[in-house]
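Heavy-atom basis, side chains included; hydrogens, waters and symmetry copies ignored. Order of appearance sets the numbers: ligands from 1, and atoms from 1 within every ligand.
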Amino acid sequence: MRGIVWFRRDLRLADQPALAVACEECDEVIPLFVFDEPLLRSHEFGSACVNFMLGCLEELQASLGAIGLPLQWRRGSQVDEVFRAALEWEADVVYWNRDCEPRALVRDLAVQERLAQEGIAAKTFKDHVVFEAAEVHGATGEPMQRYSAYRARWWAKWHSVKPTAHAVPDASTTRRKAVRLSAVPLPAANELGYEHLVPWIAPGECCAREQLRWFVEGPIHRYTDGRNRPAIDGSAKLSPHFRFGTLSPKEAVQIALKSLSGKGPVSRTDVLTWIDELIWREFFHQVLAAFPHVVDGPFRQTVVPPSRDPGPERDVLFQAWCGGRTGYPIVDAGMRQLNQTGWMHNRVRMIVASFLIKDLRIDWQSGEQYFMCHLLDADVAANNGNWQWCASTGTDSMPGYRIFNPALQSKKFDPDGVYIRRYVPELAHVSAKRIHEPHLMTADEQVLAGCRIGTDYPVPVVDHQLARQEYLNLGKPEAAR
Ligand SMILES: Cc1cc2nc3c(=O)[nH]c(=O)nc-3n(C[C@H](O)[C@H](O)[C@H](O)COP(=O)(O)OP(=O)(O)OC[C@H]3O[C@@H](n4cnc5c(N)ncnc54)[C@H](O)[C@@H]3O)c2cc1C
């Protein structure tokens with residue numbers, strides 16, 4: 001039997017169900033990746049994300065080559081290309097791991113139907129999450145809308161199922177399964193229509209495992225505090241790896257739990273808090289699977305204040321936010337980190353999102369789109385779920401009346417302004433007292449800091465206290481909840 005393994009967002013060998021089962025069942029195995037031409041042309045994702053993906057694919061091609069299974073790639077409509085490949089290579093089965101994004105579901109169904117017409121089987125597997133929507137649900141099978149209840153059921157499921165990982169296929173058997181097809185070098189980013197960048201987080205399965213090893217040997221045991229401090233390496237920086245499947249979430253949970261052996265109760269809290277974040281990830285994936293309408297609008301028709309009308313004023317404010325020139329240092333540092341590296345610290349993501357939606361009163365979808373196009377870890381479920389959380393329109397969101405005060409947030413989480421100074425160099429010599437609100441510097445302080453407000457660094461584009469009051473006056477955010 002001849003099988004194709006269609007790689008998508010599962011770019012690894014370890015605990016890769018589609019690959020593992022294909023290697024068990026088939027006499028001949030062909031790994032395939034298809035560059036989705038319409039998606040590439042849409043530029044919904046940016047260069048950071050595309051370069052990260054290419055880095056992962058290069059490593060995958062090398063590691064598959066090492067076990068005798070050269071990765072094939074094509075470019076075009078995924079539905080057409082997978083179908084054509086299956087016909088051309090006379091495949092009996094096409095194997096792939098499932099993806100709950102609404103667009104992916106439509107695509108996969110189309111592939112499945114076309115294959116079925118030619119008598120070619122399709123076998124699909126759970127992979128991107130530990131538990132799919134159908135496995136963790138309410139008492140009567142309903143999808144869950146509250147994270148805390150979801151989390152409790154997720155853990156109950158984990159303890160009852162005790163998930164196990166698939167082994168890496170054994171090279172001595174896979175070599176006998178190779179079809180005579182050689183690996184063609186992958187396209188470069190510019191051939192796909194993107195700028196070439198060196199990804200800020202190193203791509204590929206080896207780097208993912210190395211990063212996880214570093215994290216569980218140290219920072220995970222200080223995570224509860226460390227995760228909120230953008231100036232330090234307090235979180236795992238694994239999100240692009242989970243996004244492209246260079247790391248299995250199931251294995252990550254197992255490895256994190258193993259790191260507890262010999263550690264005390266404080267560390268236990270830290271490790272469980274980290275796993276909670278992975279459960280948030282799964283929570284948003286099941287929200288997307290159960291309520292696909294969230295990609296087109298709010299989950300909940302909460303009464304939230306109207307966004308600012310389109311027009312030049314709105315555009316100027318949006319551009320200031322995008323470019324990190326709002327006059328609010330923590331917001332500007334976050335946006336510049338995103339623009340320079342393709343990544344942003346989670347606490348800062350929440351601050352910039354709250355600022356866009358509640359201080360600038362710009363629709364959350366504009367922020368969501370900007371993030372999709374600039375993040376290395378751009379992921380529909382996590383991005384949409386978090387933007388809706390910040391906008392108070394999601395399943396389990398922050399209350400509408402809660403509006404982050406950027407200066408207080410940065411005093412609390414970046415007290416000495418180390419993170420701010422890293423990304424906003426014009427504030428490098430501003431004193432710790434003024435770094436969070438540099439517009440309060442006197443003329444003498446500005447001279448001393450070498451930073452003229454209004455010239456070297458912007459005056460705040462809005463007054464936070466006034467903007468907050470206006471937001472609260474404009475709506476009764478809690479009325480419909
Ligand atoms: C407005 C906004 C947009 C976001 N967009 C994305 C996105 O497109 N892709 C993405 O992966 N994450 C997104 N997040 C979630 C979060 O910011 C990142 O996952 C996190 O910063 C990644 O860093 P880390 O790997 O060091 O995380 P850690 O703190 O080490 O957490 C471990 C893993 O848990 C998951 N995770 C952590 N926090 C969250 C969360 N709030 N929601 C869902 N999963 C989480 C990630 O996979 C992460 O790698 C967004 C958050 C906000 C507030």
*Would you please say whether a donor-acceptor pair under 3.5 Å links the side chains of D396 and Q145?*
no
*asked:* If you apply the rule salt bridge (charged side-chain N to carboxylate O under 4.0 Å, His left out), what do you find for E132 with R98, and how did you get there?
replied: CA-CA 10 Å; E132 289 180 330; R98 289 189 284 273; 2.9 Å; yes
*Would you say W274 touches ligand 1, if touching means a heavy atom closer than 4.0 Å?*
yes
*Between the side chains of N405 and Q409, does any donor sit under 3.5 Å from an acceptor?*
no
*What protein heavy atom sits nearest atom 7 (C) of ligand 1, and how far away is it?*
D377 OD1, 3.4 Å
*Aromatic centroids of F131 and W154 separated by under 6.0 Å*: yes
*Does ligand 1 have any atom that is closer than 4.0 Å to a heavy atom of M350?*
yes
*When you measure from atom 2 (C) of ligand 1 to every protein heavy atom, which one gives the shortest distance, and what is it?*
N386 CB, 3.4 Å
*Less than 4.5 Å apart, any side-chain heavy atom of P203 and any of E59?*
no
*In a check of salt bridge (charged side-chain N to carboxylate O under 4.0 Å, His left out) between R9 and each of D36, D99, D377, which one passes?*
D99
*Considering only protein heavy atoms, which is closest to atom 33 (C) of ligand 1, and at what distance to one decimal place?*
L278 CD2, 3.6 Å
*atom 5 (N) of ligand 1 - nearest protein heavy atom and its distance*: N383 OD1, 3.1 Å
_Could you tell me, atom by atom, which parts of ligand 1 come under 4.0 Å of a heavy atom of F242?_
47 (O), 49 (O)
*Give a yes-or-no answer on whether the side chains of Q16 and D127 include a donor-acceptor pair shorter than 3.5 Å.*
no
_Atoms of ligand 1 close to A378 [distance to a heavy atom under 4.0 angstrom, numbered from 1]_ = 8 (O)
*Just heavy atoms, cut-off under 4.0 Å: does S239 contact ligand 1 by side chain, backbone, both, or neither?*
both
*Nearest option to atom 23 (O) of ligand 1, as decided by whichever heavy atom of W280, F284, W343, F283 sits closest*: W343
*Which protein heavy atom lies closest to atom 17 (O) of ligand 1, and at what distance to 0.1 Å?*
N346 OD1, 2.7 Å
*Do Y328 and D359 have side-chain N/O donor and acceptor atoms under 3.5 Å apart?*
no
*Check ligand 1 against F371 and write out every atom of the ligand that is under 4.0 Å from a heavy-atom position of the residue.*
1 (C), 2 (C), 3 (C)
_Among H166, Q254, K250, side chain to side chain donor-acceptor pair (under 3.5 Å) partner for D15_ = K250
*Per-atom contacts of ligand 1 with D379, taking only distances under 4.0 Å to non-hydrogen atoms*: 7 (C), 8 (O), 9 (N)
_Could you identify the single nearest non-hydrogen protein atom to atom 13 (C) of ligand 1 and state the distance to 0.1 Å?_
R349 NH1, 3.3 Å
_Tell me the protein heavy atom at minimum distance from atom 45 (C) of ligand 1, and give that distance in Å._
E277 O, 3.6 Å
_Out of all atoms in ligand 1, which are within 4.0 Å of some heavy atom of L375? Include the element for each._
5 (N), 7 (C), 8 (O)
*Nearest to atom 25 (O) of ligand 1, what protein heavy atom do you find, and at what distance?*
L238 N, 2.8 Å
*Is the closest N or O pair between H345 and ligand 1 shorter than 3.5 Å?*
no
*asked:* Between Y457 and H439 (judged by ring centroids, cut-off 6.0 Å), do the two rings come close enough to count as a pair?
replied: no
*Does any N or O atom in A236 lie less than 3.5 angstrom from one in ligand 1, N or O only?*
yes
_K237 near ligand 1 by a heavy-atom separation under 4.0 Å_ = yes
*More than 12 foreign heavy atoms under 6.0 Å from CD of Q340: is that the case here?*
yes
*Is there at least one pair of N or O atoms, one from Y223 and one from ligand 1, spaced under 3.5 Å apart?*
yes
*Does a side chain donor of either T393 or Q388 reach within less than 3.5 Å of an acceptor in the other side chain?*
yes
